[in-house]
Amino acid sequence: MSEAFNVADIFGQDVFNDTVMQERLPKKVYKDLKKTIEEGKELDLATADVIAHEMKEWAIEKGATHYTHWFQPLTGVTAEKHDSFISAPMPSGKVLMSFSGKELIKGEPDASSFPSGGLRATFEARGYTAWDCTSPAFVRKDAAGATLCIPTAFCSYTGEALDQKTPLLRSMEAINIQALRLIRLFGNTTSRKVTPSVGPEQEYFLVDAKKFQQRKDLIYTGRTLFGAMPPKGQELDDHYFGTIRQRIAGFMRDVNIELWKVGVSSKTQHNEVAPAQHELAPIYAPANVAVDHNHLVMQTLKRVAGQHGMKCLLHEKPFAGVNGSGKHDNWSLTTDDGKNLLDPGKTPHENIQFLLVLTCILKAVDEHADLLRESAADPGNDHRLGANEAPPAIISVFLGDQLEDVIEQLVSTGEATHSLKGGKLETGVRTLPDLAKDATDRNRTSPFAFTGNKFEFRMVGSRDSVAGPNVVLNTIVAEAFSEACDVLENSDNFEMAVHDLIKKYATEHQKIIFNGNGYSDEWVKEAERRGLPNIRSMVEAIPALTTEKSVAMFEKFGVFTRAELESREEIKYENYAKAINIEARTMIDMASKQFLPAFIKYTRTLADTVIAVREAGADPSVQSDILNEVTVHLAETREALEKLKVVTEKAAAMAEGGDQARYYHSEVVPAMEALRAPVDTMEMIMDKDAWPMPSYGDLMFEV
Ligand SMILES: NC(=O)CC[C@H](N)C(=O)O
């Protein structure tokens with residue numbers, strides 16, 4: 001057993017949090033900084049100098065030698081450049097440690113090597129990082145020593161967003177303004193701020209590092225590109241919530257300690273459905289902090305896995321045939337004085353403000369289903385969505401029995417008069433207590449499910465930042481709130497107007513509600529009948545970014561300009577093409593250098609056996625049958641490999657953009673599948689010792 005410790009003692013110990021600020025900053029400086037954090041008031045340089053100095057002193061006490069502006073460019077991962085605190089040596093030969101307000105507030109990384117989607121010519125390299133003081137700075141300890149990390153936003157010389165965070169902060173501001181307008185109409189005069197709170201659940205796989213190193217597909221692409229199913233998959237459901245094995249438990253413990261120290265509220269951990277799959281979930285945080293924390297979670301999982309001789313796979317679908325990994329984005333809206341706008345209370349039918357919020361969300365999701373779908377699009381998610389417990393690609397909303405019934409009443413009679421009650425759960429065992437039952441069940445097949453006092457957007461993939469999905473959620477709901485407020489603020493009779501509006505929205509957008517099985521073929525047909533989009537792939541999803549409807553909304557709420565949206569569209573096409581290109585080339589490499597040589601060797605062994613058996617005077621027909629079978633698959637592999645080479649070359653030669661991405665999707669991806677098939681068949685025929693890499697079984701069951 002490892003040494004015991006008290007979580008409360010270590011939680012946040014490496015964070016420049018409110019307690020540290022209060023302790024270390026002069027009163028006036030602390031007050032000014034709080035004003036900036038809470039109200040967005042500009043910070044003057046003199047105040048920033050004091051904060052920077054104290055932050056540096058605090059960080060140095062924690063062992064820090066460097067600081068970094070930590071940002072989230074459009075690469076999907078975070079970026080950082082380290083600067084030590086040293087100043088130019090003095091005549092004495094000694095150095096001082098310094099950190100100015102300017103260095104805290106603004107950084108100037110060379111922006112030319114980050115994706116900008118044409119927003120910035122390569123010769124115009126300037127980009128700026130700006131301190132996001134609403135997400136606390138922290139000291140990260142790793143092999144580099146200790147580094148003061150300052151969460152920042154990243155913009156171009158001309159102020160365009162080059163990152164995930166800038167639009168997120170803009171969208172948080174947009175929904176804050178519109179939600180405040182809405183609650184004021186209901187008589188709330190005290191709340192000063194409404195913040196989207198987010199809790200992203202992180203699913204991941206762990207595999208043994210030595211085995212990982214023998215799989216080029218895992219090394220280069222993060223997922224397996226070949227692999228036959230082992231005799232056992234997840235059919236017994238015995239891994240889900242199963243006892244956590246000691247190796248994994250030790251890993252989870254270390255992950256938690258690291259996360260708690262930097263203030264990440266790691267709360268829940270368990271085995272997930274697929275063998276070797278696990279989950280970590282934090283407690284809610286304001287959206288921007290949640291996004292930063294989720295990056296820390298992903299990085300910590302990877303780093304600690306390394307220390308335990310394992311590799312953490314964050315890909316959405318590392319293994320075909322078993323569950324993929326999602327990052328369910330739990331989203332709600334809370335006021336600074338602790339009210340959750342998505343809390344229906346015990347009798348939702350009487351909670352008019354809640355019903356307006358709810359129907360606004362239905363409207364937002366229905367009108368912008370394409371954008372929401374796009375926000376979860378990535379090359380890995382194309383394999384995950386609609387397969388093995390991940391939601392399908394059709395956006396719909398699950399409300400559960402109670403709320404669906406309220407909406408039903410509103411639509412049919414214009415009035416909701418009652419709410420279904422939860423009742424009691426009887427177990428039939430005298431010694432067990434009676435449980436109060438929720439009025440609503442859960443539904444795992446729904447991409448957007450109401451779960452008590454929040455929505456759970458289940459479509460998001462495990463590797464992706466939740467920034468994008470939350471930008472969309474915040475903005476589409478801000479738009480719906482704004483439109484509702486425009487009507488209500490100008491009405492003579494508020495009661496009547498709000499009643500009519502709720503009924504109108506419920507009626508017009510009821511079609512987005514679906515409580516049934518999202519996996520069934522009937523739902524695909526039914527969704528089509530209802531006119532709901534079924535956007536199956538990333539390349540089909542991307543155009544949603546730049547429709548006139550989307551541009552108008554994002555511009556209206558100051559979240560994206562048209563140019564920023566167009567640049568993101570371009571980057572997404574490029575990312576898709578690059579990802580598939582790497583996968584295709586990895587397959588070509590593995591097939592040429594590992595599988596074909598192994599197959600050829602195996603035919604040789606079989607041929608030798610046939611000869612030897614015949615010479616020994618026995619009947620070699622079984623060996624000869626296997627040799628023939630293997631030769632057929634060898635030929636199929638060779639043919640599919642040649643075909644994949646041709647289409648990959650052709651794709652790579654095309655100009656970057658939508659056409660290229662679509663070509664990868666329609667030609668290269670099927671050619672990859674065609675190459676995988678004979679190789680997977682061979683894996684089931686060949687001698688295990690002759691197989692050139694660890695199998696699915698080795699990877700998933702022998703961690
Ligand atoms: N138990 C679960 O919630 C499974 C979720 C599933 N792994 C997904 O991809 O979303």
Side-chain angles (χ1 to χ4, degrees), residues 198-207 222-224 229 233-244 248 252 267-282 294 297-298 301 312-331 372-373 375-398 400 438 440-452 454-466 468-470 473 514-515 517-519 523 536-538 541 696 699-700 703:
V198 168
E201 298 166 21
Q202 181 68 54
E203 295 184 332
Y204 59 93
F205 280 81
L206 287 172
V207 297
R223 75 175 179 110
T224 53
M229 270 305 278
Q234 63 189 40
E235 51 279 85
L236 295 180
D237 292 327
D238 51 348
H239 191 255
Y240 191 48
F241 283 15
T243 311
I244 300 169
I248 309 299
M252 287 179 169
K267 170 90 177 162
T268 307
Q269 63 195 25
H270 60 83
N271 286 352
E272 250 305 326
V273 177
Q277 193 185 26
H278 312 277
E279 176 173 317
L280 181 158
N294 181 249
V297 166
M298 292 194 282
L301 288 172
C312 175
L313 309 180
L314 293 174
H315 196 282
E316 291 75 24
K317 196 76 178 176
F319 301 100
V322 294
N323 269 16
S325 294
K327 175 144 45 200
H328 304 168
D329 185 64
N330 292 283
W331 178 93
L372 214 47
R373 166 68 183 90
S375 76
D378 83 11
N381 239 359
D382 280 4
H383 302 283
R384 168 178 166 259
L385 296 181
N388 305 90
E389 294 203 10
I394 305 165
I395 295 267
S396 64
V397 180
F398 169 82
D438 288 304
T440 290
D441 201 357
R442 288 182 183 239
N443 183 328
R444 275 194 175 173
T445 65
S446 176
F448 199 75
F450 187 74
T451 46
K454 61 186 167 66
F455 273 101
E456 181 178 353
F457 183 33
R458 297 173 57 93
M459 219 176 224
V460 188
S462 50
R463 235 180 343 172
D464 288 339
S465 163
V466 277
N470 286 303
L473 267 173
F514 178 62
N515 278 352
N517 177 5
Y519 290 162
W523 170 232
R536 289 187 179 80
S537 68
M538 176 168 175
Y696 266 30
L699 289 165
M700 288 193 280
V703 195

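Counting convention: from 1, in listed order, for ligands and their atoms alike. These numbers were taken from a predicted model, which means no experiment stands behind them.
Scored by the salt bridge (Lys or Arg N to Asp or Glu O under 4.0 Å) test, R223 finds E583 as partners (sequence neighbours excluded).
In this structure, Q234 contributes its side chain and N323 its backbone to a donor-acceptor pair below 3.5 Å.
At the top of the distance list for atom 1 (N) of ligand 1, counting protein heavy atoms only, stands R444 NH2, 3.1 Å. Annotation: atom 4 (C) of ligand 1 to nearest protein heavy atom, E389 OE1, 3.3 Å.
Taking every non-hydrogen atom of R458 and a distance limit under 4.0 Å, the qualifying atoms of ligand 1 come out as 3 (O), 5 (C). Below 4.0 Å from some heavy atom of E272 lie the following atoms of ligand 1, by number and element: 1 (N), 2 (C), 4 (C). Contact atoms of ligand 1 toward H328: 3 (O), 5 (C), 8 (C), 10 (O) (distance under 4.0 Å to a heavy atom of the residue). Close approach to Y240 involves these atoms of ligand 1, each under 4.0 Å from a residue heavy atom: 1 (N).
Y696 and F319 have perpendicular rings, their planes meeting at more than 60° on a 0 to 90° scale where under 30° would count as parallel.
For an aromatic pair to be called close, the ring centres must be under 6.0 Å apart, and H270 with H239 fails this.
Here atom 10 (O) of ligand 1 lies nearest to R384 when heavy atoms of E456, E203, R384, E316 are compared.
In terms of polar-atom proximity, V273 is not counted as a contact of ligand 1, lacking any N or O under 3.5 Å from an N or O of the ligand.
Among F448, W523, F398, the single residue meeting the ring pair (Phe, Tyr, Trp, His ring centres under 6.0 Å) criterion with F514 is W523.
With rounding to the nearest 0.5 Å, the separation of NE2 in H328 from CD in E203 is 5.0 Å.
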